[in-house]
Amino acid sequence: MKKLNPIYALLTALIISVSFSCNSDDDEFSNGEPVNLSSSTLVKEFALDDNDSILADLDSVFFAIDVKNRIIYNPDSLPKGTKINRLVANISYDPTSKGEIKITGAQTMRDTTYSYDTQSSDSIDFTGNVFITITAGDGITTKQYRIKVNVHNMKPDSLYWNQMARRNLPARTSNLIKQKTVKKGDLLYCLIEEKDGYTLSTIDNPSSNKWTIKSLKMDFTPKVSSFNATTDALYILSSTNELYTSTDGFNWTNTGKKLYSIVGNYNDVVLGVSEENGKYYHDYYSAKGTTLTKQEVDPEFPISGHSQCLSMENEWSYTNQSVVLGGRCANNELTGSAWGFDGENWGEITRHAIPGYNYPTLFRYTQFTGKDYNKKAYPVWIAMGGIDGQGKLSKKVYVSFDNCITWKEGDELLQLPEYIRAFSQSQAFVFNTTMETRSMNYGWTAMPSRKLPGWWTIGTNGTRASQPIETWECPYIYLFGGMGENGLMNNIWKGVINRLSFKPII
């Protein structure tokens, strides 16, 4: 046998070695370095494919990826009635991983399991239970996510009043005659005239319904409708128009001042109207003293019957304004305009008014602008109820998007339901309620309201949630009392714009 020269044998061995290295398994070595196979099971992005026949801009709907609870969902639900039984999903994950779709219990699609990698353009019936299982490149690590496409089961921009959440006024008996509720500091004070006397109840947040209810005795006869508050005291007029003050609502002192009516307050100053020889004047009182002087009121200013007085703040002014709406003017006509006090003078704010009403209800709240599934919160003023020029009670709702300058009748979604009767002399307050969610079977449950989950929270720029939202604030409207056809209405209604009650956006 012919033997190789030692030098040729060495070269041959080197060539074979190099050839073997070039053809070795890349899963173990690459350029001489070990390769670690990916164990990533993360779904990086999720979106629906564009389909204008189902919904415009469907591919723009935001989806959150809750890694902790393994759920992919759209926090801001699609409009009521959207068909979700034939949607195409665009799902992104590590290129070395594999995805498997499983569908069960759907309305139009049979139970099935298929590879998303080879059938990514197939439509999915999201009316059933849809899962995607990601198997990492290492072939061992897996994670399963549930995919939910949420659709509203109610009209999101409607003003909803929960009949189950209705409460009685905080009184000692059921024989009620009049009521007026005001807010001082963090407390609500509800003054009620009952058949056997007066009751004053307090609470820091009406969501708890845990009132402190006490009988109230006064050595004068109060005008319940004149009950008001400044930042540091409570005020009320007697039947003979003397102005009384109290810090706790139970011990009252005569200020020695007389007023025709109390309009409201500006910080610690009482804003009132006085009458002399048939003429009406803007008048003021403060326990600390005030430099404001009386001025004759404009004939179109509401000297009585206006809404509760609220504070308005905006980005264009360094000072707040006190605002009232509606009422009976010095010229004896009803007005539908809002008037504001800036700390020195009163002025008419409104350019396009609502019809004239006596004792309407006014409050600040939130509405939304934009697309159904991508709307932005916007501050608004809402007015409702009152007595019109023909003496009829109203329940119409009006809205202003520009700080009471222009008003329009609210659309059908804002109007009050049939079970709330027409009223006047009601007061509205907005309080936040802390809501909670918990993950349960890949779903969300809101507490404590069965029907109204809570406020929304704007999330990060991405679609993946590192920490799910567990608590948030929901602003509820509380509507107190009101005079109806048969006298005082013994109600506290709880309302919310539905969109504000949806699950948080993460």
Side-chain angles (χ1 to χ4, degrees), residues 180 223-228 235-243 257-266 269-285 292-312 321-362 381-396 398 400 402-409 422-427 482-483:
K180 179 75 178 290
K223 288 184 178 179
V224 175
S225 62
S226 70
F227 188 42
N228 261 279
Y235 290 89
I236 199 168
L237 294 178
S238 71
S239 58
T240 54
N241 289 339
E242 286 97 351
L243 179 65
K257 190 175 187 66
K258 279 194 170 186
L259 292 174
Y260 174 82
S261 65
I262 299 177
V263 180
N265 79 290
Y266 186 86
V269 178
V270 174
L271 306 178
V273 172
S274 59
E275 186 267 335
E276 295 178 12
N277 301 319
K279 290 186 178 182
Y280 298 95
Y281 298 87
H282 294 297
D283 211 340
Y284 312 94
Y285 176 83
L292 294 168
T293 58
K294 292 194 297 184
Q295 298 173 311
E296 189 170 354
V297 305
D298 187 290
E300 297 182 356
F301 179 83
I303 59 173
S304 66
H306 44 74
S307 70
Q308 66 197 88
C309 184
L310 299 177
S311 178
M312 175 193 294
Q321 288 191 66
S322 293
V323 178
V324 295
L325 176 75
R328 188 166 296 279
C329 305
N331 63 9
N332 208 35
E333 297 292 330
L334 291 180
T335 181
S337 291
W339 285 72
F341 180 77
D342 63 3
E344 295 182 359
N345 298 289
W346 281 98
E348 186 176 7
I349 299 173
T350 302
R351 296 296 175 263
H352 190 280
I354 67 174
Y357 286 105
N358 222 5
Y359 298 109
T361 300
L362 177 69
W381 290 73
I382 293 178
M384 59 177 65
I387 305 172
D388 65 19
Q390 286 70 49
K392 294 182 179 179
L393 291 167
S394 172
K395 57 187 291 185
K396 283 188 178 181
Y398 299 87
S400 172
D402 55 7
N403 279 335
C404 301
I405 296 174
T406 58
W407 289 87
K408 66 176 183 178
E409 186 173 336
F423 61 88
S424 69
Q425 300 186 52
S426 181
Q427 301 83 49
M483 299 299 292

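All values below were derived from every heavy atom in this structure, side-chain atoms included, with hydrogens, water molecules and symmetry-related copies excluded.
Tyr280 places none of its side-chain heavy atoms less than 4.5 Å from the side chain of Phe301. The closest side-chain heavy-atom distance from His306 to Trp339 is not below 4.5 Å. Using a 4.5 Å cut-off on side-chain heavy atoms (C-beta onward), Tyr281 and Tyr260 make no contact. Side-chain contact check for Leu393 versus Met483: every heavy-atom pair is 4.5 Å or farther apart. In this structure the side chain of Tyr266 never reaches within 4.5 angstrom of the side chain of Leu292, judged on heavy atoms. By the 4.5 Å heavy-atom criterion applied to side chains, Val263 and Phe341 are not counted as neighbours. Residues Leu237 and Leu259 meet the side-chain proximity criterion, which asks for heavy atoms closer than 4.5 Å. Using a 4.5 Å cut-off on side-chain heavy atoms (C-beta onward), Asp388 and Ser394 make no contact.
Rounded to the nearest 0.5 angstrom, Thr335 OG1 and Glu348 CD are separated by 6.0 Å. Atom-to-atom distance recorded for Glu333:CD and Arg328:CZ is 8.0 Å, nearest 0.5 angstrom. To the nearest 0.5 angstrom, Cys404 atom SG is 14.5 Å from His352 atom NE2. Taking CH2 of Trp381 as the start and CH2 of Trp407 as the end, the distance is 7.5 Å to the nearest 0.5 Å.
Taking all atoms of both residues into account, the shortest heavy-atom contact from Glu275 to Gly278 is OE2-N, 2.7 Å. What you find for Cys309 and Gly264 is that their closest heavy atoms are CB-CA, 3.5 Å. In terms of heavy-atom proximity, Ala338 sits nearest to Thr350 at N-OG1, 2.8 Å. For Tyr284 against Glu344, the heavy-atom pair with the smallest separation is OH-O, 4.5 Å. In terms of heavy-atom proximity, Val297 sits nearest to Ala330 at CG2-CB, 3.9 Å. Scanning all heavy atoms of the two residues, the minimum distance from Asn358 to Gly305 falls at OD1-CA, 3.2 Å.
Each of Val324, Val323, Asn403 was evaluated against Ile349; a single residue qualifies, Val323, per the side-chain contact (heavy atoms from CB on, under 4.5 Å) test.
When atom types are taken as modelled, the side chain of Ser337 and the backbone of Ala353 share no donor-acceptor pair closer than 3.5 angstrom. Not one N or O on the side chain of Ser226 forms a donor-acceptor pair closer than 3.5 Å with the backbone of Ile236. The closest donor-acceptor contact from the side chain of Ser307 to the backbone of Leu325 lies under 3.5 Å.
Between the side chains of Ser400 and Asp402, a donor-acceptor pair is found at a separation under 3.5 Å.
Partners of Lys257 according to the salt bridge (charged side-chain N to carboxylate O under 4.0 Å, His left out) rule, which considers only residues two or more places apart in sequence or in another chain, are Asp283. Shown here are the side chain to side chain contact (heavy atoms under 4.5 Å, CB included) partners of Gln308, two or more places apart in sequence or in another chain: Leu310, Thr361, Gln427, Phe429.
Using a 30° and 60° split on the angle between ring planes, Tyr398 and Tyr357 fall in the tilted class, from 30° to 60°.
Residue Glu300 qualifies as open at atom CD: its count of foreign heavy atoms under 6.0 Å is 12 or below.
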